[in-house]
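Working notes for the structure below.
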Amino acid sequence: MADRRTIEMAQRLTSLPPYLFAELDRRKAALRTKGVDIIDLGVGDPDLPTPQRILERMREEVLNPKNHRYPGYEGLREFREAASRWYEKRFGVTLDPDGEVLALIGSKEGIAHIPLAFINPGAYSLVPSPGYPVYHAGTVFAGGKSFFMPLVEERGFLPDFRQVPREVAESATLLFINYPNNPTAAVADEDFFAEVIDFARRYHIIVCHDAAYSEISYDGYAPPSFLEVEGAMEVGVEFHSLSKTYNMTGWRLGFAVGNREILAGLGKAKTNIDSGVFQAVQWAGIEALEGNQSVVEQMCATYQRRRDVMVQGLHSVGLQVNSPKATFYLWIKVPSGHDSVSFSSLVLDQAGVVVTPGNGFGEAGEGYVRVALTVPEGRLEEAVGRLQNISF
Ligand SMILES: *Cc1c(COP(=O)(O)O)cnc(C)c1O
């Protein structure tokens with residue numbers, strides 16, 4: 001055997017862009033060490049606690065020895081039933097808990113693994129840019145390639161399928177979409193979903209709709225499910241997460257719903273990789289889905305107040321931003337003379353405010369920065385105050 005002096009990572013890792021938040025975390029840590037009071041609007045991790053009733057259910061279930069064994073990979077029957085009841089109630093979509101619902105160790109896990117089930121070497125995934133980085137990473141890990149669909153403001157941050165070259169569409173097996181959208185905070189209506197279904201049918205592409213923010217919305221707006229639209233069940237699946245809806249990011253619980261054969265593929269990949277979700281966590285998830293939903297309303301009201309404070313504040317310092325109908329993000333145009341990275345650096349160095357450069361979500365995110373409304377109102381006011389003192 002050759003004498004290997006260096007440990008080299010596989011190309012699937014080295015070919016990926018550096019994980020955005022790892023880079024940011026390093027710079028933040030460096031400033032913190034210097035004693036700077038950082039206001040972190042960078043990472044979309046809810047600051048509000050998991051609701052009490054969910055914690056109490058977890059406490060009970062963790063003491064039950066039945067929950068200590070290997071769980072079934074597809075999720076407890078009771079969890080899948082709770083997810084389908086929630087779906088019926090929220091979207092009017094009927095799902096069979098046997099085969100049309102699959103538990104996930106957080107939706108990120110399912111999104112990362114679905115390409116293993118459907119991407120052959122060299123096949124394309126159609127991936128939004130800017131977008132959640134996992135669509136691309138999962139595709140690359142499966143040996144595939146991403147074709148990036150730019151999301152531009154003039155089109156309401158919806159992809160334009162006419163711009164996908166025919167050869168690419170023909171060799172694509174997956175299409176990722178995500179509305180309400182991270183990072184642009186855009187929303188999509190049923191007409192757009194119908195267009196997605198047409199396109200997917202024409203080229204035999206599997207649609208993966210990431211609905212992580214379906215419950216974070218404002219001003220009475222209720223985002224639709226992809227599965228509400230005629231024909232969606234034939235072409236796609238939808239990924240849901242309890243992370244953002246119930247402030248459970250650390251618990252790792254989500255689920256995928258939709259087309260039975262697509263879910264069987266994802267399930268088959270998963271049986272070879274993981275062993276399901278800790279059952280106590282699934283029972284806590286049942287409590288989350290079945291219990292009183294007023295906690296979700298209160299949480300949205302909190303984000304809505306923060307949104308209003310921040311949008312007004314950003315306008316007052318001359319920045320261009322739309323007030324979003326959903327998600328806890330603001331997608332802010334960088335002032336002229338700057339790009340995403342130079343503006344983020346300026347704001348970090350001179351105001352101690354962390355924002356995420358838009359190009360970290362893909363090339364088409366250049367010209368924007370993302371702010372997460374996951375800090376208290378008072379801190380947002382402080383951030384605006386600091387921005388008033390710098391010139392850009
Ligand atoms: C947060 C997030 C997820 C992942 O959530 P999980 O905690 O893995 O369930 C998925 N998609 C988007 C767009 C997100 O922002």
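We use all heavy atoms of the structure for the numbers below, so side chains are in, but hydrogens, waters and symmetry mates are not. Residues: numbered from 1 along the sequence shown. Just so you know, ligand 1 is whichever comes first in the structure, and atom 1 is the first atom listed for that ligand.
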Can you report which non-hydrogen protein atom sits closest to atom 2 (C) of ligand 1, along with the distance?
Lys244 NZ, 2.5 Å

Clusters formed by hydrophobic residues whose side-chain heavy atoms approach within less than 4.5 Å: which one holds Val140, and what are its other members?
Met9, Leu13, Leu16, Phe141

Does the N or O separation between Ser241 and ligand 1 drop below 3.5 Å for any pair?
yes

Geometry only, no angles: is Ser107 polar-contacting ligand 1 at N/O separations under 3.5 Å?
yes

Measuring from the heavy atoms of Arg252, does anything fall under 4.0 Å of ligand 1?
yes

List the steps, then state whether side-chain contact (heavy atoms from CB on, under 4.5 Å) holds for Ile262 with Ile114.
CA-CA 9 Å; Ile262 301 172; Ile114 197 164; 4.0 Å; yes

Using distance alone, decide if ligand 1 has a nitrogen or oxygen within less than 3.5 Å of any nitrogen or oxygen in Tyr132.
no

If you compare Ser243, Pro133, Gly254, Ala211 by their heavy atoms, the one closest to atom 7 (O) of ligand 1 turns out to be Ser243

Is the Tyr124 ring parallel, tilted or perpendicular to the Phe147 ring (thresholds 30°, 60°)?
perpendicular

For ligand 1, note which part of Thr249 has a heavy atom under 4.0 Å away: side chain, backbone, both or neither.
neither

Ring pair (Phe, Tyr, Trp, His ring centres under 6.0 Å) between Phe343 and Phe392, intermediate numbers included
CA-CA 8 Å; Phe343 186 63; Phe392 33 76; 5.3 Å; yes

Hydrophobic cluster membership, with links at side-chain heavy-atom distances under 4.5 Å among I/L/V/M/F/W/Y: are Val347 and Val341 in one?
no

Under 4.0 Å from ligand 1, counting heavy atoms only, is it the side chain of Glu109, its backbone, both or neither?
neither

Using heavy atoms and a threshold below 4.0 Å, how should the contact between Tyr213 and ligand 1 be classified: side chain, backbone, both, or neither?
side chain

Looking at Gly106, which atoms of ligand 1 are within less than 4.0 Å of one of its heavy atoms?
8 (O), 9 (O)

Close side-chain approach of Tyr179 and Val187, heavy atoms under 4.5 Å
no

Suppose we measure from atom 11 (N) of ligand 1 to each protein heavy atom; which comes out shortest, and what is that distance?
Asp210 OD2, 2.6 Å

Single-linkage hydrophobic cluster, 4.5 Å side-chain cutoff, Ile105 and Ile273 together:
no

Can you tell me if CD on Gln312 sees more than 12 non-hydrogen neighbours from other groups inside 6.0 Å?
no

